[in-house]
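Structure first, then comments.
This structure is a prediction, so every number in the text was calculated from the model and none was measured. Side chains are part of it too, since the values below use all heavy atoms of this structure and drop only hydrogens, waters and symmetry mates.
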Amino acid sequence: MASRLARLAHTRVLSRNPIPSTSSHRLFSASSVALARRAKPEEKLTADQAFDLLDDDFDDDDTSSAGHLMLREQRRVLYYLRLIEHELPKLVAYRKPYIPPTSETPLIVRSIDYAGEEHPATNKRVMVVAVDELPLRDESAVHKLKLLAGPRWTPHPPTDAGVQKNVPWGNGYVKISCEDFPKPAMNLKWASDALDRLRKPGTFKDVPLDLRHVRSKIEKGKRGGHLRGRFLNRPTIADFPKEWLPAESKRQ
């Protein structure tokens, strides 16, 4: 292929600077007849001229298709390495200090992002809050919120809530999600309004708490968490019988 292109360039040079000759016939190189006409330097090859180039034998001066794929992958990796080297340091200007949540900001909001790509799930907003961190009056208000939350209340933090596993459970957690509206802010507003409705005063003192959704979920996990009331009272190291400890540990 390289030798063919070299002969083509040589032909164009001859056509621009013809060699004087006493013969009445015009001199051409051994190129194809389709490439023997005068061509401008910026003129592109036609389809026939491109097919004529394919007729030449392979001169072992180019890599294979697998080699070109490897080179393309290397160029792609180098592109991202250049971005890491030159563009990522510019993100320091957008750095913000981490401020841990306080009792005044108990809500945990979770969102999904697909690196800028459009997806229906990007409008969804999930809100998780601990019942103990809500400004409720007394135990009756806590009981009423658990009843109205229904399956949205669990005695333990949800697995995708971003809450540490060693945090005390207390009165459980409430998880509310919404993806019915076209804008993320609208979905978050609906979830926030739903939590405000749960906090409204009311009398549900004599209504028992329904825990069927909690038990059903734990039974599906098949880890024995439903036995002996374990799903409400998680055993810790403090529940270990002291009489089982060695004598030396008891003295300490």
**Request:** I would like to know whether Ser177 and Lys124 meet side-chain contact (heavy atoms from CB on, under 4.5 Å); could you show each step before the answer?
**Result:** CA-CA 7 Å; Ser177 61; Lys124 182 179 180 180; 4.0 Å; yes
**Request:** Determine, stepwise, if the pair Ile108 / Val129 fulfils side-chain contact (heavy atoms from CB on, under 4.5 Å).
**Result:** CA-CA 6 Å; Ile108 301 175; Val129 60; over 6 Å; no
**Prompt:** Yes or no on side-chain contact (heavy atoms from CB on, under 4.5 Å) for Ile176 and Leu195, after CA distance, side-chain angles and deciding distance?
**Reply:** CA-CA 8 Å; Ile176 303 176; Leu195 182 62; 4.2 Å; yes
**Request:** Verify side-chain contact (heavy atoms from CB on, under 4.5 Å) between Leu198 and Leu134, making sure each step is shown before the conclusion.
**Result:** CA-CA 11 Å; Leu198 294 177; Leu134 293 175; over 6 Å; no
**Message:** Determine whether Arg82 and Glu85 satisfy the following criterion, salt bridge (charged side-chain N to carboxylate O under 4.0 Å, His left out), listing intermediate values before the conclusion.
**Reply:** CA-CA 5 Å; Arg82 293 189 185 99; Glu85 182 71 22; over 6 Å; no
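Counting only heavy atoms from C-beta outward, the side chains of Pro158 and Val128 approach each other to under 4.5 Å. Proximity of Trp153 to Tyr173: side-chain heavy atoms (C-beta onward) are nowhere separated by under 4.5 Å. Val142 places a side-chain heavy atom less than 4.5 Å from the side chain of Lys146. Counting only heavy atoms from C-beta outward, the side chains of Lys144 and Leu147 never approach each other to under 4.5 Å.
Of the possible polar contacts, one joining the Asn123 side chain to the Pro182 backbone as a donor-acceptor pair under 3.5 Å is found. Remark: the backbone N or O of Asp180 is paired with a side-chain donor or acceptor of Asn187 at under 3.5 angstrom. No donor-acceptor pair closer than 3.5 Å links the side chain of Asn171 to the backbone N or O of Val131.
In plain terms, the two heavy atoms of Ile112 and Ala121 that are nearest each other are CB-O, 4.0 Å. The shortest non-hydrogen separation linking Glu133 to Pro106 is OE1-CB, 3.1 Å.
Interatomic distance, OG of Ser192 versus CZ of Arg197, reported as 10.0 Å (0.5 Å rounding). Separation of atoms CG (Leu83) and CG (Leu78) is listed at 11.0 Å; rounding is to 0.5 Å. Distance check, rounded to the nearest 0.5 Å: CE of Met70 to OG of Ser65 gives 12.0 Å.
Judged by distance alone, the side chains of Ser140 and Asp138 do bring a donor and an acceptor atom under 3.5 Å apart.
Residues satisfying the side chain to side chain donor-acceptor pair (under 3.5 Å) criterion with Asp160, sequence neighbours excluded, are Arg110, Lys175.
Criterion: ILVMFWY side-chain heavy atoms under 4.5 Å apart, direct or through other members. Under it, Ile84 and Leu91 are part of a common hydrophobic cluster.
Around CG of Leu81, the count of heavy atoms belonging to other residues, nucleotides or ligands within 6.0 Å exceeds 12. In Met186, the CE atom is crowded: over 12 heavy atoms of neighbouring residues, nucleotides or ligands sit closer than 6.0 Å.
Salt bridge status for Arg76 with Glu73: present, with a side-chain N to carboxylate O gap under 4.0 Å. Taking a cutoff of 4.0 Å between a charged side-chain nitrogen and a carboxylate oxygen, Asp193 and Lys189 qualify as a salt bridge.
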